[in-house]
Amino acid sequence: MRKKCLTFLLCIAFIPVLAGCADSDKASEPKRITITSAEDALKELEDGNEEFLSGNTAELRTDLAENGQTPYAVVITCSDSRVAPEVLFHTTMGELFTIRTAGNVVDKYEIGSVEYGVEHLGAPLVVVMGHSDCGAVSAAIGGEAEGSIQNIIDEIAPSVAEAKKTETDESAIAAMTEDLNIQNTIQKLRTSTILSHLESEGDVKIIGAKYDIKDGSVKIME
């Protein structure tokens, strides 16, 4: 009986501790913020930079500034704010050389950036990463957009047409278009003499990947 009482008392004693741990874990979870004005947005950025400066990155920043960057991967991905390579791959400064465009499409500027990343910075891996529920793909399936967004639509349109040859369901068309668009970007990268030469020599590997915005997983598509 005494032993049972002691066990009960110990359990009661630990309840506040466990509750505190739970509250701490909950407090550390990232939360979505809602900002509606440019002034508030700027204030959020400034506050964020102050928090960054007060962190423990000083040594790394000094090293990168004095010794230069040596990223191990070039990542071409969508501009979608939910798709942040440094976050979802859990990296820090100096590890990824990132190029982002809506729909993860590329043209001469993006291809030139990839060339710089592999030829001058020495990254051995190039990853073209699309994602599920891509807004640019949805717009391309819709067919038209205003302004320069139409250029992105036109780039994705061939993948839409190819997907529609075998798929009829809207979600299936979108998913296949996302996959085909990744492959299309890879093929455009391979039109670069520099990239195709480095890949043929085995100095660089170019692969595709797809991020699931719901479950957070990245599927490699080699």
Side-chain angles (χ1 to χ4, degrees), residues 60-61 63-137 140 151-152 154-163 166 174-222:
L60 176 59
R61 285 186 282 115
D63 179 32
L64 290 170
E66 294 179 351
N67 301 310
Q69 56 175 319
T70 53
Y72 54 76
V74 175
V75 180
I76 304 100
T77 193
C78 186
S79 299
D80 192 306
S81 62
R82 300 167 294 180
V83 185
E86 291 80 5
V87 175
L88 62 94
F89 288 123
H90 201 60
T91 63
T92 189
M93 296 179 297
E95 295 186 34
L96 301 182
F97 190 77
T98 307
I99 299 106
R100 300 182 67 172
T101 62
N104 42 272
V105 299
V106 296
D107 206 338
K108 58 184 179 180
Y109 300 113
E110 293 78 27
I111 294 174
S113 297
V114 177
E115 290 175 347
Y116 183 82
V118 298
E119 187 179 42
H120 293 276
L121 300 180
L125 178 67
V126 176
V127 182
V128 177
M129 186 173 69
H131 67 95
S132 62
D133 298 339
C134 181
V137 166
N151 295 320
I152 299 170
D154 293 341
E155 184 65 30
I156 302 174
S159 296
V160 175
E162 188 65 26
T166 57
M176 180 171 283
T177 299
E178 289 158 0
D179 293 347
L180 292 171
N181 185 50
I182 292 167
Q183 295 303 321
N184 181 59
T185 296
I186 290 174
Q187 293 308 314
K188 288 200 72 171
L189 291 178
R190 287 174 174 155
T191 63
S192 160
T193 303
I194 291 173
L195 297 178
S196 60
H197 173 72
L198 290 172
E199 186 178 34
S200 66
E201 292 293 313
D203 296 322
V204 169
K205 187 172 186 177
I206 303 175
I207 64 170
K210 189 172 182 180
Y211 173 64
D212 188 314
I213 66 168
K214 293 184 177 70
D215 68 22
S217 64
V218 177
K219 178 183 177 183
I220 302 301
M221 304 162 62
E222 294 196 56

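For reference, positions follow the sequence shown, starting with 1.
For the atom pair CE of Met176 and OG1 of Thr166, the computed distance is 3.5 Å after rounding to the nearest 0.5 Å. Separating the CZ atom in Phe97 from the CD1 atom in Ile76 is a distance of 10.0 Å, to the nearest 0.5 Å. A distance of 10.5 Å separates CG in Leu198 from OG1 in Thr193, rounded to the nearest 0.5 Å. In this structure, CG in Asp179 is found 12.5 Å from CG in Asn184, a value given to the nearest 0.5 Å. One finds the OG1 atom of Thr91 at 5.5 Å from the OH atom of Tyr72 (value rounded to the nearest 0.5 Å). Atom NZ of Lys219 and atom OG of Ser132 lie 12.0 Å apart (nearest 0.5 Å).
The heavy-atom pair separating Ile182 from Ala209 by the smallest distance is CD1-O, 3.2 Å. Among all heavy-atom pairs drawn from Ala136 and Ile152, the shortest one is CB-CG2, 4.3 Å.
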Inset, instruction - Any chance you could lay out the side-chain contact (heavy atoms from CB on, under 4.5 Å) test for Thr177 and Ile156, step after step, and finish with the verdict? - result: CA-CA 8 Å; Thr177 299; Ile156 302 174; 3.8 Å; yes
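Partners of Lys214 by side chain to side chain donor-acceptor pair (under 3.5 Å), not counting sequence neighbours, listed by chain and number: Asp133. Applying the salt bridge (charged side-chain N to carboxylate O under 4.0 Å, His left out) test to Glu86 and every residue at least two apart in sequence or in another chain returns nothing. Not a single side chain to side chain donor-acceptor pair (under 3.5 Å) links Asp212 to another residue, sequence neighbours left out. For Gln187, the side chain to side chain donor-acceptor pair (under 3.5 Å) test picks out no residue, with sequence neighbours left out. Take Lys188 and apply the salt bridge (charged side-chain N to carboxylate O under 4.0 Å, His left out) test, not counting sequence neighbours, and it matches Glu155.
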Side-chain donor-acceptor contacts of residues 103-131 below 3.5 Å, not counting sequence neighbours, with atom names and distances?
unit_1 : atom_1 : unit_2 : atom_2 : d
Glu110 : OE1    : Asp107 : N      : 2.7
Ser113 : OG     : Tyr109 : O      : 3.0
Glu115 : OE2    : Ser192 : OG     : 2.5

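Side-chain contact between Tyr211 and Arg82: absent, with no pair of heavy atoms (C-beta onward) separated by less than 4.5 Å. No side-chain heavy atom of Ser159 sits less than 4.5 Å from a side-chain heavy atom of Gln183.
Using modelled atom types, one side-chain atom of Arg100 and one backbone atom of Val83 make a donor-acceptor pair closer than 3.5 Å. Formation of a donor-acceptor pair under 3.5 Å by the Glu178 side chain with backbone atoms of Cys134 is found in this model.
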